2 protein chains.
Amino acid sequence: MTDSPAKKTKSDRTREAILEAARLLFAQKGYDGTTVRDIAAAAAIDPAMVIRYFGGKDALFARAADLDLRLPDLTTLPRHAVGEALVRHFLTVWEGDGGTIGLPIALRSAASNDLAAARLREIFATQVAPAIARLAGPDAPAVAGLVATQILGLAFTRYVLRLPPVVALPRERIVAEVGRSIQAYIDGARP
Amino acid sequence: MTDSPAKKTKSDRTREAILEAARLLFAQKGYDGTTVRDIAAAAAIDPAMVIRYFGGKDALFARAADLDLRLPDLTTLPRHAVGEALVRHFLTVWEGDGGTIGLPIALRSAASNDLAAARLREIFATQVAPAIARLAGPDAPAVAGLVATQILGLAFTRYVLRLPPVVALPRERIVAEVGRSIQAYIDGARP
DNA sequence: GTAAAATGCCAACACGTGTTGACAAATTCA
DNA sequence: TGAATTTGTCAACACGTGTTGGCATTTTAC
């Protein structure tokens with residue numbers, strides 16, 4: 001049913017509409033702040049359809065927040081450029097409207113919803129930690145944690161809290177300065 | 001009524017009990033996740049009392065989240081030690097159970113509640129930004145923003161998201177590594 | 001001791017939530 | 001065309017929310 005990209009039945013179209021509306025609203029208002037009725041209204045259909053197509057709000061969120069950070073293979077880069085590359089990558093993913101807007105979704109919701117928090121931890125464990133592990137040696141978990149500290153902090157202040165001076169920061173400056181911090185965390189593991 | 005510390009009328013005692021329970025629950029569950037009934041139960045009184053004593057949930061939150069970061073005067077420290085001092089200060093404030101548990105409250109709530117977000121931005125503007133401004137010159141807002149990026153990210157991953165490797169990080173290592181990053185942000189403004 | 005004020009509990013309200021079932025409209029298939 | 005299946009709408013349920021007013025109980029003051 002889901003793996004026939006050529007045929008677009010009517011139901012698939014509204015299913016996509018629901019998912020898209022859900023992603024947008026979850027990202028804007030968080031899990032608890034988003035109601036099924038809001039999603040239905042944004043998708044221009046009945047609230048009942050949201051439940052019928054996805055089984056419930058929880059299941060819909062799980063589907064909407066099933067995000068892929070698309071982390072590049074860090075070992076192919078020159079070691080001294082990993083920090084900046086990481087920051088540049090995340091800024092691109094977050095700011096690209098076409099791609100996945102997933103991280104802000106999870107970030108916003110994780111603060112007050114245990115399900116979302118668990119999902120974010122899982123994303124970190126399965127995507128960020130392994131990528132760092134390849135170049136940080138035995139101390140990788142701590143390094144990955146420090147990196148997460150800075151990356152999530154940037155995402156939070158810029159996209160969730162929308163702290164004015166952070167929003168105003170030009171992209172290249174963020175890449176340079178935050179990149180240097182992350183580089184320091186990574187280098188610290190292999191002095 | 002409020003400025004007679006000697007006399008502790010019965011009502012003042014329960015008023016304090018409500019406020020204390022509210023602070024704890026807001027910090028644990030966020031604004032939206034905390035119900036008036038929960039607070040009342042924790043304070044061992046009736047939900048109606050919460051409204052009667054504080055006028056409503058919003059007003060109670062405003063009172064509970066009225067936090068003071070107690071930032072030290074950064075100009076009295078040797079310039080190269082400001083980064084570590086800042087991190088050490090925040091860790092002490094956050095981990096000290098006796099003091100204000102305010103920042104995690106605001107952090108958790110700010111993600112999904114506009115009122116809490118505005119309050120956090122205000123705290124940043126009135127407390128963090130001026131402290132940085134004294135030693136960062138004309139570029140102070142950007143520097144303060146970068147610092148906030150790292151500090152709030154640390155608070156978020158360690159106390160809200162509870163990312164295991166960050167929770168496991170020993171205090172002194174956080175002071176050293178995160179302190180170095182913050183120091184770099186501050187030094188970057190005055191090369 | 002008695003009147004008055006405070007402190008507190010109970011039941012209920014109006015509302016918004018996720019979710020469900022019955023029924024109409026549209027689409028598909030023969 | 002006619003029957004069957006899908007797609008959608010409507011109304012309603014059961015529940016949890018913040019909030020309110022009325023009444024019992026305790027404390028205070030004379």
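Residue numbers start from 1 in every chain, and the chains themselves are labelled A, B, ... in the order their sequence lines are given, proteins ahead of strands. For clarity, every value in this text was computed on a predicted model and none was experimentally measured.
Comparing the start and finish of the helix from dG1(C)-dC30(D) to dT27(C)-dA4(D), five pairs each, the helix axis swings through 0°, to the nearest 10 degrees.
Here the side chains of R171(A) and T92(A) are in contact, with some heavy-atom distance below 4.5 Å. With contacts defined as side-chain heavy-atom distances shorter than 4.5 Å, the pair D38(A)/K29(A) does not qualify. A 4.5 Å side-chain heavy-atom check between L19(A) and Y53(A) finds every atom pair outside the cut-off. At a threshold of 4.5 Å between non-hydrogen side-chain atoms, the residues T149(B) and L163(A) do not count as touching.
Residues from residues 35-50 of chain A with heavy atoms under 4.0 angstrom of DNA chain C, sorted by number: T35(A), V36(A), R37(A), A48(A).
Nucleotides of DNA chain C that come within less than 4.0 Å of any heavy atom of chain A span, from the 5' end to the 3' end, dT17(C) to dG21(C).
The nearest heavy atom of DNA chain D to R52(B) and to D58(B) marks one nucleotide each, and the one closer to the 5' end goes with D58(B). The residue among Y53(A) and T34(B) whose nearest nucleotide of DNA chain D is located toward the 5' end is Y53(A).
The structure places CG of L107(B) at 8.0 Å from CG of L161(A), a figure rounded to the nearest 0.5 Å.
By the 30° and 60° cut-offs, the orientation of the rings of Y31(A) relative to F26(A) is parallel.
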Could you walk me through whether L103(A) and L120(A) pass side chain to side chain contact (heavy atoms under 4.5 Å, CB included), step by step? CA-CA 8 Å; L103(A) 228 190; L120(A) 225 179; 4.3 Å; yes
side-chain hydrogen bond (donor to acceptor under 3.5 Å, both in side chains) assessment of S112(A) paired with D32(A): CA-CA 8 Å; S112(A) 61; D32(A) 297 315; 3.2 Å; yes
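Using modelled atom types, no side-chain atom of H80(A) and backbone atom of Q183(A) make a donor-acceptor pair closer than 3.5 Å.
Rounded to whole Å, the distance from CD1 on I51(A) to C1' on dA12(D) is 15 Å.
When every heavy atom of R37(B) is checked against every heavy atom of P47(B), the shortest pair comes out as CG-CG, 3.9 Å.
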